2 protein chains.
Amino acid sequence: METSGSGDIVRTLHLLWDMGPRPSRGPKPGLSLDRIVEAAVRVADAEGLEAVSMRRLSTELGTGTMSLYRYVPGKGELLDLMLDRVQRTDDDPSAHGGDWRSALETLGRESLALYQRHPWLLKANQSRPVLGPSAIDGMEKVISRIRPMGLSDPELISAIIMIDSYVIGAARTQVHAQEAERRTGLTDTEFWAAQAPVLEKIMASGRYPVMASLSEDTFGPEFDHFEFGLQRILDGLATLVDSRGASAGDSGRRPGA
Amino acid sequence: METSGSGDIVRTLHLLWDMGPRPSRGPKPGLSLDRIVEAAVRVADAEGLEAVSMRRLSTELGTGTMSLYRYVPGKGELLDLMLDRVQRTDDDPSAHGGDWRSALETLGRESLALYQRHPWLLKANQSRPVLGPSAIDGMEKVISRIRPMGLSDPELISAIIMIDSYVIGAARTQVHAQEAERRTGLTDTEFWAAQAPVLEKIMASGRYPVMASLSEDTFGPEFDHFEFGLQRILDGLATLVDSRGASAGDSGRRPGA
DNA sequence: TCACTTCAGAGTACGGCGTACCCAGTTTCA
DNA sequence: TGAAACTGGGTACGCCGTACTCTGAAGTGA
């Protein structure tokens, strides 16, 4: 499956926000949702998302496989919970100062670090967005810091989506190298060396003059693609903010385009 | 599995570029790689990626399941081939005019349309990028059109990665609604109505003053988040291009940041 | 106190998946 | 005319998620 957001969204929300009545009869639970999610994240971090199975988690926790279903409706919902769990941040006082630009810069850099810590996120955070506590916490903080930009509410959301999307794409480019290494046992150099003969033959065919003429270091690790793109995006937002700068007020504006 | 780029990369490349010796002995193949890939794409388009299984494809093609393995090393490689197949574009003469900005604009819009035609791409194009003919074709065309920007080679690549990443993120936001509808049988309104009671309780808790104060239409469909973000990104690139405009030459520059 | 209700734990089983292995039949070459 | 090279495909293995069901523990109301 490996797809989050495929479970019952309402049940997921109840689990995420810890709602629903607690039973008073019956035996005490020997497990907890938290322990299951934590184990799942641990396994995913160590061995990748494909190692996370209900059977594996149950042996990890020393219980029967089906016992897990007392706590989680299914694997789809579990993935949603993993996603939110991993986005949880301690309240960081340094996150309150600064202008909107440094706020979004921090958002981008911290998101990238998150994907590097948990590469399986790149495979999991597809499909429907899940509105868990951590996600909304983060959203709340970021929005409050970038409100002074003077954009409309939809535009603020768009700005955040933009950063998020960009980070995912850039992270994928960065993470795929070390992922491939872990899974295939090849180092990055070996990996490219394996492809090189094929690719060189293709480039030598003359069908791709432009690509063949690119400089040697184009795809190398020297250039920091992430920072480059992040700054360009922030520049783009800056020109919009500047163009609005003349008039006063900071809410209720029309969408620009 | 549902993860592309997990197969043997070298074998994938050989398949993509139609290399490798043809056997001369033995019976003629009754199937072809193309037919398999095409069937896979057809099934994925119609019923989603989770409907694509080797058994399903074999019944679709009227063969035995294991016969497919005469043509494809495994399912991971098949996914790679599907990815490249679907990116294939007829040579479009209108793609040759215009400045760099309209080139990147077109790239973004066409990518978005691609994801809307094949929503399963959002679940498949994770992990390692695959350098197939279609991908390289597209790359060749785009690079040749944006070279006049006067950026360094790594910067050009970065610009393309930026657009691509952004489009994926935006497409996910757009596609998830119709995906959820198809799978759960709920319309978008019903879907949000189902979540609404939970979310409203959360918002009423007072823990998220900023988010609760966002205007009603913030998450509505009226605002075109995609175009907004795309224009901001292009603006950001424009400021960089302008700042380089003074000096001459158009290659071999230092990376900026 | 005791019957009853509610609940947790977990074994068994089903249908699906990817694919390793092997054999049968077909085509081409020496 | 073998022998070699190849395709087709059946069988089987070990995974997966999870529906169903039974056992026994914990709390409740009489």
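Worth knowing before you read on, the calculation uses all heavy atoms, side chains too, and leaves out hydrogens, waters and symmetry mates. Numbers restart at 1 for each chain; the letters A, B, ... are given by sequence-line order, proteins then strands. Just so it is clear, the model here is predicted, and its values are computed rather than measured.
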- Query: Looking at C:dG16, does its base get a donor-acceptor pair with the side chain of B:R55 below 3.5 Å?
  - Reply: no
- Task: Return yes if the base of D:dT28 and the side-chain atoms of A:R25 contain a donor-acceptor N/O pair under 3.5 Å, otherwise no.
- Result: no
Within this structure, what is the [atom1]-to-[atom2] distance between [X] and [N], rounded to whole angstrom?
X     : N      : atom1 : atom2 : answer
B:L79 : C:dC17 : CG    : P     : 15 Å
A:K75 : D:dT18 : NZ    : P     : 8 Å
B:L61 : D:dG8  : CG    : P     : 11 Å
A:L49 : D:dC15 : CG    : C1'   : 16 Å
B:L78 : C:dC17 : CG    : C1'   : 14 Å
B:L68 : C:dC21 : CG    : C1'   : 17 Å
A:E50 : D:dC16 : CD    : P     : 11 Å
A:M66 : D:dT23 : CE    : P     : 18 Å

Choosing from [options], which nucleotide comes nearest the side chain of [X]?
X     : options               : result
A:Y71 : D:dT7, C:dA8, D:dG17  : C:dA8
A:M54 : D:dT7, D:dA26, D:dG17 : D:dG17
B:P27 : C:dT26, C:dA8, D:dT18 : C:dT26
B:T65 : C:dT19, C:dC17, C:dC7 : C:dT19

Are [X] and [Y] close enough for a salt bridge, meaning some N to O gap below 4.0 Å?
X      : Y      : result
A:D137 : A:R88  : no
A:D45  : A:R117 : no
B:E60  : B:R42  : yes

- Item | Phosphate OP1/OP2 of C:dC7: any A:K28 side-chain N/O under 4.0 Å | no
- So does B:S67 get a side-chain nitrogen or oxygen closer than 4.0 Å to the phosphate oxygens (OP1/OP2) of D:dT7? no
- Query: When you match B:G64 and B:P23 each to their closest nucleotide on DNA chain D, which lands nearer the 5' end?
  - Reply: B:P23
- Note on the structure: B:S165 and A:A170 have their tightest heavy-atom pair at OG-N, 3.9 Å
- Query: Checking all strands, does B:S53 fall into the base, sugar-phosphate, or nothing category for heavy-atom contacts under 4.0 angstrom?
  - Reply: sugar-phosphate
- Task: Would you mind classifying the nucleic acid contact of B:G26 as base, sugar-phosphate or nothing, using non-hydrogen atoms under 4.0 angstrom?
- Result: base
- Query: From B:Y208 OH over to A:I143 CD1, what is the distance, rounded to the nearest 0.5 angstrom?
  - Reply: 12.5 Å
- Note on the structure: Heavy-atom nearest nucleotide on DNA chain C taken for B:S24 and for B:Y69; more 5' hit belongs to B:Y69
